[in-house]
Amino acid sequence: MQERSGGQLLADALVAQGATHVFAVPGESYLDLLDGLYAQRNRVELITCRFEAGAVHMAEAHGKLTGKPGVAIVTRGPGACHAAIGVHVAMQDSTPLVLLVGQIPVEETDRETFQEVDYRRMFQPLAKWVTQIDDARRIPEIMAHAFDMAVSGRPGPVVVAISEEMQKHMVAVPDLGPQRVLPAHPAPAAIPEMMAMLEKAERPLVIMGGSRWTPEGRAAMRAFAEANDLPVAVAFRRQGLFDGTSPHFAGDLGVGADAGLVAAAKKADLILAIGTRIGEPVSQGYTLLDMAGATPIVHVHPDQGEIGRVYRVALGVTSDVNAFALGLKGQKVAKPRWAAWRQEVRAAREAQAVAQDYAGPLNLAVALQALEKALPADTVFTTDAGNFATWPTRFMHVKEGQDFLGPTNGAMGYGVPAAIGAAIVERGRQVVCFVGDGGFMMTGQEIATAFHHGVTPIILVFNNRMYGTIRMYQERVYPERVSGTELTNPDFARFIEAFGGHGEVVERTEELVPAYERAVASGKPAIIEIRTNPEQVTNRATIAELRAQAKK
């Protein structure tokens with residue numbers, strides 16, 4: 001074996017583990033790794049980003065789309081701190097991710113040297129595993145374990161600090177490839193027991209959630225639902241898991257969930273929770289279900305530690321979600337008794353998706369429904385966090401063959417970099433981002449990365465000149481006492497035009513689809529600024545209505 005530097009070994013380890021893209025903001029703490037990636041430039045695409053949070057969001061979007069660990073690299077100190085929000089997204093969203101962080105020279109440890117941070121302490125509550133490589137001979141071993149950890153059990157982020165001088169050391173060690181591990185399958189009794197419980201039910205409800213679903217797994221769940229006439233809800237920001245146009249789709253259980261779906265979930269006499277942790281957004285602040293198990297729950301999750309964590313369940317099944325779904329093939333209740341129940345739950349979803357007669361020249365519901373018809377069948381959607389996000393969730397449908405990426409931890413600033421990451425990973429597919437004016441101004445500069453790497457996402461900026469979600473709560477609790485939620489914004493169309501992109505402004509209902517079509521035809525990264533009515537702070541209430549309710 002030839003000797004290689006630690007930097008080259010790190011780059012070679014990424015190749016050995018199957019990494020195809022690396023999202024990075026360069027730093028002097030990992031110059032040797034950058035040089036190693038130059039030697040592997042024909043096998044790994046290095047994506048140069050403008051802000052560390054954006055780089056990790058892009059890597060996280062890669063992990064969501066592919067089911068394989070997204071890879072990001074940031075420099076020490078401030079770079080790592082900026083990256084932390086992306087690690088938190090990956091943790092709460094159960095997304096496989098490997099973050100490499102440049103580190104100070106080992107001999108300077110504990111002197112509070114320039115940009116020194118103890119990453120084990122910093123990232124410990126945010127990641128599945130945090131480690132540091134100080135010995136170049138251990139690079140293949142530790143990197144292989146990092147990738148294994150990122151996808152094992154409940155997927156999540158792993159942080160690996162790489163000390164600066166270690167990357168210069170010359171050693172002769174072999175590369176280690178990926179570890180082949182068969183997915184965890186349900187216990188032999190699991191599916192028969194679940195079917196026996198389903199046979200006795202009258203108002204069953206499926207809730208799909210979690211990560212690393214494959215097309216085959218999703219198709220198997222849809223076939224099972226159709227064969228057994230089951231209503232299927234998806235967890236918060238997991239709209240890509242089940243065809244929203246299906247007569248079995250019940251809607252999404254999350255922030256801003258339809259009251260009809262929440263009521264149905266409370267009436268259900270059997271919950272089949274597949275992949276979801278049944279966390280705070282899904283459980284409506286832990287109010288949806290009785291923690292002691294009054295409503296029987298079948299909880300299927302790849303990490304046994306998540307089963308029973310909050311809710312005592314009637315049947316816990318530790319299994320890979322796709323293995324479980326494929327195991328349902330041919331399983332059918334003899335005489336389902338819940339046709340009327342499924343129709344009732346579906347009718348509630350259809351009723352809430354009917355566009356209301358909103359005041360003003362822009363009816364956002366009607367405009368979005370028209371846009372839905374114009375979008376390609378394989379569109380990738382990304383969304384930021386905020387009240388604006390409830391509009392497409394309520395009035396649009398994510399179809400079979402489309403993907404939907406959103407931060408279940410509610411991170412603002414996710415949407416734009418996620419869209420760019422998705423466009424890089426899925427070149428050739430249309431990527432559409434939904435983002436508010438507040439979220440865009442947090443990471444909107446990453447649009448430069450789209451130009452730099454030749455991808456053309458279309459960014460829909462919902463501009464109401466405020467932090468809308470906070471203003472909503474403010475009006476509910478402190479009506480007419482507006483503090484800290486008003487915003488001053490740029491002309492978003494001119495912002496992207498300054499890069500050489502395509503800009504549009506939409507102020508009327510009928511303008512959105514033509515603006516989208518011109519954006520696509522331009523062949524450039526595009527922003528469509530949708531100037532919404534600030535008074536219509538949610539799709540269910542105006543500011544005046546919230547104030548009136550608060551004063552009652």
Side-chain angles (χ1 to χ4, degrees), residues 60 63-64 84-97 125-128 150 152-157 205-213 221 232-242 250-259 261-266 268 270-321 324 383-387 389-390 393 404-412 414 418 469 473:
E60 197 273 350
K64 274 194 172 90
I85 179 58
V87 176
H88 188 246
V89 171
M91 189 66 185
Q92 293 222 326
D93 288 39
S94 302
T95 305
L97 178 81
L126 299 179
K128 285 186 70 176
S152 67
R154 176 188 168 190
L205 177 66
V206 179
I207 305 174
M208 286 179 68
S211 64
R212 298 195 80 210
W213 283 90
M221 280 302 304
V232 180
V234 294
F236 185 43
R237 292 188 173 141
R238 301 293 191 183
Q239 282 89 328
L241 297 184
F242 198 85
D252 69 295
L253 271 172
V255 177
D258 176 50
L261 176 57
V262 173
K266 289 181 177 180
L270 178 64
I271 299 289
L272 305 181
I274 317 296
T276 175
R277 294 191 298 117
I278 325 179
E280 190 270 342
V282 173
S283 66
Q284 307 297 295
Y286 303 106
T287 64
L288 192 66
L289 302 166
D290 173 66
M291 292 185 183
T295 301
I297 302 171
V298 176
H299 193 186
V300 181
H301 199 277
D303 183 354
Q304 184 173 342
E306 291 296 332
I307 299 173
R309 183 174 183 175
V310 177
Y311 294 100
R312 298 285 96 181
V313 302
L315 176 63
V317 182
T318 304
S319 175
D320 172 82
V321 289
F324 183 84
T383 186
D384 212 82
N387 264 9
T390 63
T393 296
F404 185 94
L405 315 181
T408 71
N409 78 330
M412 292 180 68
Y414 175 87
T469 303
Y473 288 120

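Numbers here are sequence positions counted from 1. Since the structure is predicted, the reported quantities are computational estimates derived from the model, not experimental observations. Note: hydrogens, waters and symmetry copies are ignored here, and every other heavy atom, side chains too, is used.
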Do the side chain of [X] and the main chain of [Y] share a donor and acceptor less than 3.5 angstrom apart?
X: Asp384; Y: Tyr414; answer: yes
X: Thr469; Y: Asn387; answer: yes
X: His299; Y: Thr276; answer: yes
X: Thr287; Y: Gln284; answer: yes

Could you check whether any side-chain heavy atom of [X] comes within less than 4.5 Å of a side-chain heavy atom of [Y], counting everything from C-beta outward?
X: Arg238; Y: Phe404; answer: no
X: Ile307; Y: Thr318; answer: yes
X: Ile274; Y: Met221; answer: yes
X: Leu288; Y: Leu253; answer: yes
X: Thr383; Y: Thr393; answer: no
X: Arg237; Y: Pro281; answer: no

What closest approach, in Å, do [X] and [Y] show between heavy atoms, and which atom pair accounts for it?
X: Leu289; Y: Tyr311; result: O-CE2, 3.4 Å
X: Ile207; Y: Ala235; result: CG2-N, 4.4 Å
X: Arg212; Y: Pro155; result: CD-CG, 3.5 Å
X: Ala273; Y: Ile297; result: CB-CG2, 4.4 Å
X: Pro96; Y: Ala150; result: CB-O, 3.4 Å
X: Tyr286; Y: Ser283; result: N-OG, 2.9 Å

Enumerate, atom names and distances included, each donor-acceptor pair closer than 3.5 Å involving a side-chain atom of residues 84-94, sequence neighbours excluded.
| unit_1 | atom_1 | unit_2 | atom_2 | d |
| --- | --- | --- | --- | --- |
| His88 | ND1 | Asn409 | ND2 | 2.8 |
| Asp93 | OD1 | Thr408 | N | 3.1 |
| Asp93 | OD1 | Thr408 | OG1 | 2.6 |
| Asp93 | OD1 | Asn409 | N | 3.4 |
| Asp93 | OD2 | Lys64 | NZ | 2.8 |
| Asp93 | OD2 | Thr408 | N | 2.9 |
| Ser94 | OG | Arg154 | NE | 2.8 |

Starting at CG of Leu241, measure out to CG of Asp252 and round the result to the nearest 0.5 Å.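 So the CG of Leu241 and the CG of Asp252 are separated by 11.5 Å.
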What's the separation between atom CD in Glu306 and atom CD1 in Ile278, rounded to the nearest 0.5 Å?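 The CD1 atom of Ile278 is 10.0 Å from CD of Glu306, to the nearest 0.5 Å.
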Starting from the C-alpha separation in whole Å, work towards a yes-or-no answer on side-chain contact (heavy atoms from CB on, under 4.5 Å) for Asp290 and Thr295. CA-CA 7 Å; Asp290 173 66; Thr295 301; 5.7 Å; no
